[in-house]
Amino acid sequence: MRKICYQPIYNRKKKLNAQGKALLQVEAYLEKRKIYFSTHIYLSPEQWDNKRKEIKSHASAESLNYYLKEFVTNLEFKELELWKQGYDVSLDLLKDSVSLDASNSFLSF
């Protein structure tokens, strides 16, 4: 089984928006390929600790760091579910699985 590696990436495009903030994403890496998942969290540069890969100096830092860990855990869970179903896990399959779940949760809403 090939394992996908996950890590949070802040300001991947090296650009800040009009409010001086940038997007926090999760990078999924497998066999020299990468895809990115949006966390929908925008932070200013001083609110991100690049060494620890966590949010700091934010009013909701503790809950946002918990959300970030849960986000990665959910991606790992999806990967494990695909593996249990007998699929050869790939980044494209993971991306499709996550987007399918997102559309199903909206429709059930």
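Count residues from 1 along the sequence.
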Working to the nearest 0.5 Å, report the span between [atom1] of [X] and [atom2] of [Y].
{"X": "Leu24", "Y": "Phe71", "atom1": "CG", "atom2": "CZ", "result": "9.0 Å"}
{"X": "Trp48", "Y": "Ser57", "atom1": "CH2", "atom2": "OG", "result": "12.5 Å"}
{"X": "Asn17", "Y": "Asn11", "atom1": "CG", "atom2": "CG", "result": "9.5 Å"}
{"X": "Thr39", "Y": "Ile55", "atom1": "OG1", "atom2": "CD1", "result": "7.5 Å"}
{"X": "Lys15", "Y": "Lys13", "atom1": "NZ", "atom2": "NZ", "result": "8.0 Å"}

Answer yes or no: is there a side-chain heavy-atom contact under 4.5 Å between [X] and [Y]?
{"X": "Lys78", "Y": "Glu81", "answer": "no"}
{"X": "Leu75", "Y": "Val98", "answer": "yes"}
{"X": "Leu30", "Y": "Cys5", "answer": "no"}
{"X": "Leu82", "Y": "Lys84", "answer": "no"}
{"X": "His58", "Y": "Leu64", "answer": "yes"}
{"X": "Ile4", "Y": "Leu94", "answer": "yes"}

When you measure from the side chain of [X] to the backbone N and O of [Y], does any donor-acceptor pair fall under 3.5 Å?
{"X": "Arg2", "Y": "Val89", "result": "yes"}
{"X": "Ser90", "Y": "Leu93", "result": "yes"}
{"X": "Asn65", "Y": "Glu54", "result": "no"}

Does atom [atom1] of [X] have more than 12 heavy-atom neighbours from other groups under 6.0 Å away?
{"X": "Tyr42", "atom1": "OH", "answer": "no"}
{"X": "Lys69", "atom1": "NZ", "answer": "no"}
{"X": "Tyr67", "atom1": "OH", "answer": "yes"}
{"X": "Lys34", "atom1": "NZ", "answer": "no"}
{"X": "Phe77", "atom1": "CZ", "answer": "no"}
{"X": "Glu70", "atom1": "CD", "answer": "yes"}

What are the two closest non-hydrogen atoms of [X] and [Y], and how far apart are they?
{"X": "Tyr10", "Y": "Ser44", "value": "OH-C, 3.1 Å"}
{"X": "Lys56", "Y": "Asp49", "value": "CD-CB, 3.9 Å"}
{"X": "Ser38", "Y": "Gln25", "value": "CA-CG, 4.4 Å"}
{"X": "Gly20", "Y": "Pro45", "value": "O-CD, 3.6 Å"}

List the steps, then state whether side-chain contact (heavy atoms from CB on, under 4.5 Å) holds for Leu23 with Arg12. CA-CA 8 Å; Leu23 180 64; Arg12 177 173 65 101; over 6 Å; no
With the 4.5 Å side-chain cut-off for hydrophobic clustering, are Leu80 and Phe37 part of the same group? yes
Examine Tyr87 and Trp83 and state if one hydrophobic cluster contains both, with Ile, Leu, Val, Met, Phe, Trp and Tyr joined whenever side-chain heavy atoms are less than 4.5 Å apart. yes
Does a side chain donor of either Glu27 or Tyr36 reach within less than 3.5 Å of an acceptor in the other side chain? yes
Electrostatic pair Arg33:Asp92 at N-O distance under 4.0 angstrom: yes
